[in-house]
Structure formats: structure tokens, C-alpha cells
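All remarks here apply to the structure that follows.
Predicted model, so just to flag it, every value in this text is computed and none were measured. Any value given below was found using the heavy atoms of this structure, including those in side chains, with hydrogens, waters and symmetry copies removed.
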Number of protein chains: 2
Amino acid sequence: MLAKIKAARDTLRKSEQKVADVVIADPEQSVQSSIQSIATLASVSEPTVIRFCRALDCVGFQQFKLKLAQDLARRGTFFYQDVTVDDSSKVLANKLLDGAIASLVQIRDQINEDQLDRAIALYEACERVELYGSGGSAVVAEDAQLKFFRLGKPAIAYSDPHIQHASAALLDKNALVIAISHSGRSSDILKTVEIARQSQAKVISVTATRSPLAQVSDVALTVDVNEDSDIFSPVKSRLGQMVVLDVLAVGVAVRGGDHMLEQLARARRAIDFKFV
Amino acid sequence: MLAKIKAARDTLRKSEQKVADVVIADPEQSVQSSIQSIATLASVSEPTVIRFCRALDCVGFQQFKLKLAQDLARRGTFFYQDVTVDDSSKVLANKLLDGAIASLVQIRDQINEDQLDRAIALYEACERVELYGSGGSAVVAEDAQLKFFRLGKPAIAYSDPHIQHASAALLDKNALVIAISHSGRSSDILKTVEIARQSQAKVISVTATRSPLAQVSDVALTVDVNEDSDIFSPVKSRLGQMVVLDVLAVGVAVRGGDHMLEQLARARRAIDFKFV
DNA sequence: TACCGGTTTGTAGTAATATTACATAATGAA
DNA sequence: TTCATTATGTAATATTACTACAAACCGGTA
């Protein structure tokens, strides 16, 4: 939740940002406050606070507080810690793994059931899937391709933006695009999605809450993680994206009933399990 | 908090016990309820619910709910659960994410510091790195390539077994191979590693404990996860492998001192963060 | 610059919810 | 039974969250 607030903060309206700042500054306090006191602290009106909560996918202030409280409670178990040069390997490994675990916990608590259901419906309605991801997200797109093409419809991943553009232009209304981007701000992916939409294709995005990419998609599966401590690339969001896509694929498979699940299980055992 | 309720339950007044019972019966629900609905469910009056909260050392109902919510959040016991066809999307997502989290916890607790240190030393001693992974592990190898080539030495990932063979044959004693395989039993990867060793290259494997691949490697970074509930491909081991390689790369970076860390952080912000 | 359409924000009122004060009912001991 | 004590509910009140609407703001156009 806190990560979500931080991620969404810049896309919020001016006065909602003030609210975000107050909450970020002292979440422990906010969780015990009433709308009134938060509104006063942020020097905005009370409805603004409510609008802020709604912008974060909460039905109201109460739910917002609850989610935030749970978020804070969990930070005790696994939390982000920056690595330092005098950490031993063991300490280092623990810090990094704790951070990764914490981000998955966060994602778990942010899953938007509604969007997920709609994403599953989009897959069921489509005839083929194209996965677009560049840079680090290319890896995620490829991984997802492996999953999706076992579900019975053609699935292909492209990582080169030019090829993405070309391919997107050739789609039709029976195509489903899954666009993967950590920030959701890369002009390449936005352009690609725009082209895809002109071709009438449906678009699911796997990206940050309220990012430009999320806003131009039919369905947005959001992945917000605290990236502060990632040194190389956003590993945590990568993990999150992979898991979210796994959830989507399994969700589709499950709709296919026991029969499909069993078949997939057999396929998995035959192909990957022994040899990869 | 829940434990507290259970413990205190018998010392409470009759009608307060009714409240305790409905809370214990479904804490997740209670946390989202108003006094009214809890009072109705327990067939007591609203003030009784408040008295119940006070008996548990809370100043009011709100605080009670907050504490309970945090308690529920903290019961962060994540375990594997098989998905079933009648799971809602939400339940499904939670099961899958819990499974993924549990596997990372397991990996964290299994990290072998000694092997990790030796792996770091091997990287420091080498002149170039080749990453081999096929099928699902190809994705991991590519991801790792992105990390390693920022560390200052050439790094390249191959996913095609034939090309792996050819490339391995051209290595020398200054090359480091990182071989990634879930099972560590694929004949392709074993053959590749055998060739690499004949070329005098060093080999780090990221694979299952005591697998054939682990046994023929100079250093084995082991990733063992419970795969029973993975439908498509071993997502969990994929996540684990990625994190373990992140640990290795960060470990190397940290040995480079503050200077290197800072440089990498800058590079990350410039490249990925805004655009991917 | 003045005006228009749309968006953002605040004001004021309403509904819901928690809390208090008090009255009634239950319980138990003499 | 009767009184004292405790437990529980009723009804009023205060607080808090939320809604509808109006004012202010902003960016573009004439």
C-alpha cells in the first residue's frame, strides 16, 4: 500500500498529493487518524482525502486505513534494507531475499480481483496473444509466452520496439496484447499500445498503478514495489510481473476445468520437470 | 490479538463471549464490519461490543479493528496450497503468491554462505562470463546477463543447446560459465558443462541440490523449491534462480566498494527506472 | 484580454457509525 | 423476598465518513 501510494503519488491531483505526502511522512500516525485530522494536516478538504483513497482503489477511507495498517504490520517480518559494503554474504543474501519477499507480499495484498477477472475474460474472448516487453521486461514477456502458448491459443513475445510496432499494426479485434513495463512510461511501449488499439486489439497491461500505460489499457494488472534498494534493474518488479502473469495464466487454466488442469500438469511433468 | 481474544474469552461476560465467538469464527470478516453488524451477528447490543473491545485493552472499536487487522496481516504464514477449479480469482491469486513467497523464504533459509563466497571469488578471478540456460531457464540466463554485463566484464547468455556446445568448446581457463537448470538433469546442459570443463573454464551452477549438474560444478548455488503446485513451468524455481543470481551479482558489486555501488545505482536510474 | 469547457477543489449538508448516559433486567447473598 | 450489585439494553448524542453541488481554477480559443 505504501509502495502503491509512492508509485501513484505523481499521477495524483495537486491536493491529493498533499494527502499522499502526509501519509508517507508518518504512516503510523495516519492509520490512527480520522479523515478530519489528515485533511487538516494536509491543508485540504475532507472529500479530497476520500478522493485520494478512491484513487488508490479503496472503496473508502476505512478500507484505506485498514490496508495501510496491514501493510505496516507486515513490514516487521520482511522488510527492505539497503545493502552496505561490510555486509557478509549471508547478511547480503538475507537482505535481498527479504526485500523480494516483502514485495511479493505487497503484491499479494494489492491484487485487484475485478481487473483479474476481466483479464481472464479478455483472454477467453481472444484468438491470439502478443506479448510486448522491452529491456528487462522482455524476459518477463518471454516467460509468459511459454505459459500462454500452452493454453491453446497462439502466443508470441516481441522485445524489439520496431517489431512490436509492426506487429501491433497487423492485429485485429480478435487479438489480445499483453504489455509489460515496469514504469508504464516508456514512449516505445505507449506507442505500440496506441497502434494496437487502433487495430482494435484488446490490451492488458502489467505495470505500475495509474501509469500512462495502465490508463490506456482495457485492463491493468498493477505491480507496485518499492525499488529503492535494487541496484541493477528492478528485480522485484520483474518477480512481481512474472507471478502476476502466472496468476493470470493459471486463472485461465482453472476456468478450463479439472480436465485442462490435469492435462497441463501432465504436460509440465513431461516437458520441463525432468530436463530443464 | 486473536490469541488474546481466545485467551480472554472465558473471563468475559456472557454476552461479550458471544462477540468473541463471532470474531474468532471469522476475523477477516469482523475486521471489515461495523459495530452494528457484529452486534447483530452476536445478537447483542452495540455497547456490548464496545465493552468487549475495552475488555481487550482497546480504547474503542476502531482501535480494536486496527489491532486485529495488523494481527491478521502478521500471521504471515505462507504455504503451498493447490488451486482448485472453484477458487475465486482472489483466492487463486493468494494461493499462488503464498506459494511463491514460501519458496523464497525457503531459499533464504537455505543459502550456503560458503558457496556464495566462492562464487563471488570465481567471478572476480574471471575475464568473461557465459550464461547457459534452456527452456524456461533461458529467461533467467538472459535476466542475469543484463545484470552481469554491468559489472564490467563481458557477459553473454545462450539458450540454444547447440550454440552452447559450440561456445563452450571455445572457452579457456579465464572464462566463467554460469549454468542454470531447474532439475540439473538435462542431458544438454550436462554435456555443455562437460565441454566447458574440458576447455578449463570454471563452472557455477544454479540448480537443485545434489543434482548431477551440481556435482560437476566448481560451485553450486542451490535452489530447491516445492514444485507440486506449479501448473505450467517451475515458476517458483525461476523466481528463486533470479533472486539467487541477483544475490551473486550484488555480492560482486558490493566487493567493488561504495564507489561501484553508487555508479551502478546511477546507471540503473538513468536506464531502466524511468523507461522500462 | 475575455470567454468557454472541462477539471479540480472546497462548502455545506446528510447518512452512517461509534460512543455515552441512563434505565432496566438479571443475579446472587442475606 | 429483598436489596445490592452486576450485566445488558435503549435511546440520545457526538463523531466521523460520505455525497451533492457550487465555486474556483486552468488551458485553449477567439
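Remark: the A:R108 side chain and the A:S103 side chain contain no N/O donor-acceptor pair separated by less than 3.5 Å.
Residue A:S15 places at least one side-chain N or O closer than 4.0 Å to OP1 or OP2 of C:dT9. Residue B:T48 places no side-chain N or O under 4.0 Å from the OP1 or OP2 atom of D:dA7.
Judged purely by atom type and a 3.5 angstrom limit, A:D188 has no side-chain atom pairing as donor or acceptor with the backbone of A:P161.
Following rounding to the nearest Å, A:K18 (NZ) and C:dT8 (P) show an atom-to-atom distance of 15 Å. In this structure, A:F64 places its CZ atom 16 Å from C1' of D:dT16, rounding to the nearest Å. Here D:dT16 presents its P atom at 13 Å from CD of A:Q32, a figure rounded to the nearest Å. In this entry the distance linking CG of B:L12 with C1' of D:dT6 reads 15 Å, nearest Å. As a whole-Å value, the separation of B:Q36 CD from C:dA15 C1' is 12 Å. Between the CZ atom of A:R13 and the C1' atom of C:dT8 there is a distance of 6 Å, given to the nearest Å.
Seen from the ring of A:Y123, A:K153 counts as a face-on cation partner, given the 6.0 Å and 45° thresholds.
The residue B:E16 sits apart from the nucleic acid: no heavy atom pair falls under 4.0 Å.
B:V91 places a side-chain heavy atom less than 4.5 Å from the side chain of B:S88.
Between A:G136 and B:L146, the closest heavy-atom pair is CA-CD1, 3.8 Å.
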Open item on the list: Would A:R210 and A:D10 count as a salt bridge (charged side-chain N to carboxylate O under 4.0 Å, His left out) here? Give the steps.
Closed with: CA-CA 9 Å; A:R210 296 175 65 83; A:D10 291 336; over 6 Å; no
Listed pairs, N/O of protein and of nucleotides 19-23 of chain C, under 3.5 Å:
{"from": "C:dT19", "atom 1": "OP2", "to": "B:F61", "atom 2": "N", "distance (Å)": "2.9"}
{"from": "C:dT20", "atom 1": "OP2", "to": "B:R54", "atom 2": "NH1", "distance (Å)": "3.2"}
{"from": "C:dT20", "atom 1": "OP2", "to": "B:R54", "atom 2": "NH2", "distance (Å)": "2.9"}

